[in-house]
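Reckoned from all heavy atoms, side chains included, excluding hydrogens, waters and symmetry mates. Note that the coordinates shown come from a computational prediction; the quantities given were computed from them, not determined experimentally.
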Amino acid sequence: MFKKVFLFTVFFALLTTQLKANFDFNNNCIKAYQAIFDLRIQDAQAHLRIEKQQHPQNGIIILLENYIDFFSLLVSENQADYNRLKNLKSTRLSLLENQDPKSPYYLFAQAEINLQWGMLKSRFQDYLSSGLDIKKADNLLKENEKKFPNFLPHQKSIGLVNVIMGSIPANIKGVLQSFGFRGNVEQGIKKLDHLTTSLAQTPYNFYKEEVIFLLCYIETDLIQSKNSYQKILNLTSSFGDDSLLKTYLQGYIAYRNAHNDDAIKFLQRRPIKTGQYLNFPKLNYLLGNAKLNRNDSDAYVYLGRYINEYKGINYVKDAYLKLAYYYYLKNDITKYQAFIKMVKMKGNVYDEKDKQALKEANEQAPDVNLLRARLSFDGGYYTKALTYLKDKDQSDFKLQRDQIEYFYRLGRIYDALNKSQEALINYQKTIYAGKQSTYYYAANAALNMALIFEEKGDKSRAVNFYNQAIGMKNHEYENSIENKAKEGLKRLGAD
């Protein structure tokens, strides 16, 4: 009898040990994780189904399911899906709390879910809740770092949180710091840069693509560092050719850094088996814009596809405006007016691009030469942009808006061509002509003058023009320009 009881006890102990909740980033999970970062979500879900059958108590499953929702919402930007899926956050956190607290993944996985939802909530304009989630993630990561100082994966997230908190707009930074929101962009980027090489010889080397994804996002969106274009583009080469995320990152990086021909090349070289991947309409939005910048005859095809396929909250008004401009440049005024009407009727005004699109749709049609110069400039075709304006004069433009933009656009073009003296002259003319207007041209001209003088080491003039940029009120992009000017003053020790 005693022998039977002993054997049963041993068997039960073994059984409960096998069923005990744990964290095991095993081969199934790594395959699922890699499929997620290729945006092959169906493949990722298939790997997770196998893992659930083999190891149903593996806490990594919970984390990876959150990754799937994170990328699905990041790509779709669908409000209904966001409202439905965000309720899973608390459920998943509760499940993770029942996992093995002795594992370095215990607090880390909770931090990751908070951080991912914090980023998503910001995307969907739920800013207060976003900030609270990111702060929770920060606290969990700090606690985990104390317990497991050699656990490399949390360095990835600590670096990201540092950048997010360090890039808080200057006008609200003081308030948020009183609640413990502090970060350092430089330290965060340095930590992520280090991980791109230090992960290689460790069991966590599969995290490298996520680190690269974060660096691309940070350097292109948060700090808008055009000097790092080649660096971050080179990093994406570690993604496989069957990665749709690689297509997007390379196209987006090139587009945002005015390497327009590269953007078109990357975006057209997407993986062929589309059924395996998340539907990603923004690829068509980027491609349509890049082709419009280059004056390609098929730009309308991709902008139209974006509008037809996309069910999210951003860039609908902007896409309709770009279609209107496409036909305007073809001198098809009937279609131009039809799409201008759609700008007013469709989409939302959450993003600055959509707000600007609506403003432009409610104004008189742009001057053709200014529009061609603007699109060419946006594509990085600076010499071509100059040809549309170099033989013009202020008197060639009837509207005050166009006269201001004429000087501003010349300033931007000369600035991009590294002709700083010509740029400064035209920026100054922009300020004289537009400082009382509601257009952003004069304030941004002052900001750009300050940047030129800062680069030249002329601190007093840089400070003067940063203050001029801040002093202009009631214009487009006011908060953005003011925050950049305040950051400039801070760099110069004049804030």
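Of all the heavy atoms in Lys191 and Ile158, the pair that sits closest is CE-CG2, 3.8 Å. Nearest approach of Asn87 to Ser90, heavy atoms of both residues: O-OG, 3.5 Å. Of all non-hydrogen atoms in Tyr204 and Pro153, the two that sit nearest each other are CD2-CG, 3.5 Å. Minimum interatomic distance between Glu360 and Tyr325 (heavy atoms only, all atoms of both residues): OE1-OH, 2.5 Å. Looking at every heavy atom in both residues, Tyr106 comes nearest to Asp100 through CB-O, 3.3 Å. Closest approach of Thr247 and Phe266 over heavy atoms only: CG2-O, 3.5 Å.
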* Given side-chain hydrogen bond (donor to acceptor under 3.5 Å, both in side chains), test Tyr381 with Asn260 step by step and report yes or no. => CA-CA 8 Å; Tyr381 308 115; Asn260 206 70; 3.1 Å; yes
* Asked: Lys353 and Asp351: salt bridge (charged side-chain N to carboxylate O under 4.0 Å, His left out), yes or no, with the steps?
  -> CA-CA 5 Å; Lys353 278 184 175 291; Asp351 190 87; over 6 Å; no
Walk me through it: do Gln45 and Glu65 pass the test side-chain hydrogen bond (donor to acceptor under 3.5 Å, both in side chains)? CA-CA 8 Å; Gln45 290 169 331; Glu65 286 178 336; over 6 Å; no
> Do Tyr408 and Tyr440 pass the side-chain contact (heavy atoms from CB on, under 4.5 Å) test, and can you show the C-alpha distance, the side-chain angles, and the key distance before you say yes or no?
Replying inline: CA-CA 10 Å; Tyr408 173 75; Tyr440 73 96; 3.5 Å; yes
| request: Would you please test Cys216 and Ile212 for side-chain contact (heavy atoms from CB on, under 4.5 Å) and show each step? | output: CA-CA 6 Å; Cys216 291; Ile212 292 167; 4.1 Å; yes
### Message
Assess the residue pair Asn289 and Tyr315 against the criterion (side-chain hydrogen bond (donor to acceptor under 3.5 Å, both in side chains)); give the C-alpha distance rounded to whole Å, side-chain angles, the decisive distance to 0.1 Å, and a yes or no.
### Response
CA-CA 11 Å; Asn289 272 277; Tyr315 308 139; over 6 Å; no
For this session: Show your reasoning for whether side-chain contact (heavy atoms from CB on, under 4.5 Å) applies to Met472 and Ile431.
Result: CA-CA 10 Å; Met472 293 182 220; Ile431 294 170; 4.0 Å; yes
Tyr285/Leu267 under side-chain contact (heavy atoms from CB on, under 4.5 Å): CA gap, chis, key distance, verdict: CA-CA 10 Å; Tyr285 170 78; Leu267 292 166; over 6 Å; no
Worksheet item: Asp261 and Lys265: salt bridge (charged side-chain N to carboxylate O under 4.0 Å, His left out), yes or no, with the steps?
Response: CA-CA 6 Å; Asp261 292 339; Lys265 178 185 69 177; over 6 Å; no
Run the numbers on Asn83 and Gln79 for side-chain hydrogen bond (donor to acceptor under 3.5 Å, both in side chains), then give the verdict.
CA-CA 6 Å; Asn83 292 337; Gln79 186 73 54; 3.3 Å; yes
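Glu186 CD: 12 or fewer foreign heavy atoms inside a 6.0 Å radius. Within 6.0 Å of the CZ atom in Arg305, the count of heavy atoms belonging to other residues, nucleotides or ligands exceeds 12. Around the NZ atom of Lys384, the shell of radius 6.0 Å holds more than 12 heavy atoms that belong to other residues, nucleotides or ligands. Within 6.0 Å of NZ in Lys190 there are 12 or fewer heavy atoms belonging to other residues, nucleotides or ligands. Heavy atoms from other residues, nucleotides or ligands lying under 6.0 Å from CG of Asn234 number more than 12.
Every residue meeting the ring-ring contact (aromatic ring centres under 6.0 Å, His included) condition with Phe377, not counting sequence neighbours, appears here in chain and number order: Tyr382. Applying the side chain to side chain contact (heavy atoms under 4.5 Å, CB included) rule to Ser129 yields the partners Lys121, Asp126, Asp133; only residues at least two apart in sequence or on another chain are considered.
Distance check: Tyr477 OH to Tyr439 OH gives 13.0 Å after rounding to the nearest 0.5 Å. To the nearest 0.5 Å, the span separating CG on Asn279 from CG on Leu39 amounts to 11.0 Å. Distance check: Thr220 OG1 to Ile253 CD1 gives 4.5 Å after rounding to the nearest 0.5 Å. For the atom pair CG of Asn426 and OH of Tyr414, the computed distance is 6.5 Å after rounding to the nearest 0.5 Å. Annotation: the span from Thr430 atom OG1 to Tyr427 atom OH amounts to 8.0 Å, rounded to 0.5 Å. Taking CG from Leu215 and OG1 from Thr196, the interatomic distance works out to 7.0 Å, rounded to the nearest 0.5 Å.
Under the 30°/60° scheme for interplanar angles, the aromatic rings of Phe70 and Phe213 are found to stand perpendicular. By the 30° and 60° cut-offs, the orientation of the rings of His154 relative to Phe151 is perpendicular. Ring geometry for Phe108 against Tyr207 counts as perpendicular: the plane angle is over 60°, on a 0 to 90° scale with 30° as the lower cut. Taking the six-membered ring where tryptophan is involved, the planes of Tyr33 and Tyr67 are perpendicular, since the angle between them exceeds 60° and thus also 30°. Relative ring orientation between Phe453 and Phe465 is described as parallel, the plane-to-plane angle staying below 30° on a 0-90° scale split at 30° and 60°.
Between the side chain of Thr236 and the main chain of Leu233, a donor-acceptor pair closer than 3.5 Å is present. In terms of modelled atom types and a separation under 3.5 Å, the side chain of Lys473 and the main chain of Ile470 share a donor-acceptor contact. A donor-acceptor distance shorter than 3.5 angstrom exists from the side chain of Lys459 to the backbone of Leu492, with no hydrogens or angles considered. Checked by atom type and distance alone, the side chain of Asn66 never pairs as donor or acceptor with a backbone atom of Ile62 at under 3.5 Å. Counting only distance, with no hydrogens or angles, the side chain of Gln230 and the backbone of Ser228 share no donor-acceptor pair below 3.5 Å. Counting only distance, with no hydrogens or angles, the side chain of Glu51 and the backbone of His47 share no donor-acceptor pair below 3.5 Å. Between the side chain of Thr197 and the backbone N or O of His194, at least one donor-acceptor pair lies under 3.5 Å. Judged by distance alone, the side chain of Ser376 and the main-chain N or O of Ala373 form no donor-acceptor pair under 3.5 Å. With Asn58 contributing its side chain and Asp24 its backbone, the two residues share a donor-acceptor pair below 3.5 Å. For the pair Tyr350 (side chain) and Asp354 (backbone), a donor-acceptor distance under 3.5 Å is absent.
Partner of Asp69 under the side chain to side chain contact (heavy atoms under 4.5 Å, CB included) criterion, chosen from Arg92, Lys86, Lys89: Arg92.
Looking at Asp296 and Tyr302, their side chains never bring a donor and an acceptor atom within 3.5 Å of each other.
A salt bridge links Glu219 to Lys231: at least one charged side-chain nitrogen sits closer than 4.0 Å to a carboxylate oxygen. Asp458 has no carboxylate O lying under 4.0 Å from a charged side-chain N of Lys456, or vice versa, which leaves the two without a salt bridge. Ion pairing between Lys147 and Glu143 holds under the 4.0 Å rule for side-chain N and carboxylate O.
Annotation: side chain of Leu451 is not in contact with side chain of Glu455 (no heavy-atom distance under 4.5 Å). Side-chain contact between Leu410 and Leu386 is present, with heavy atoms from C-beta onward closer than 4.5 Å.
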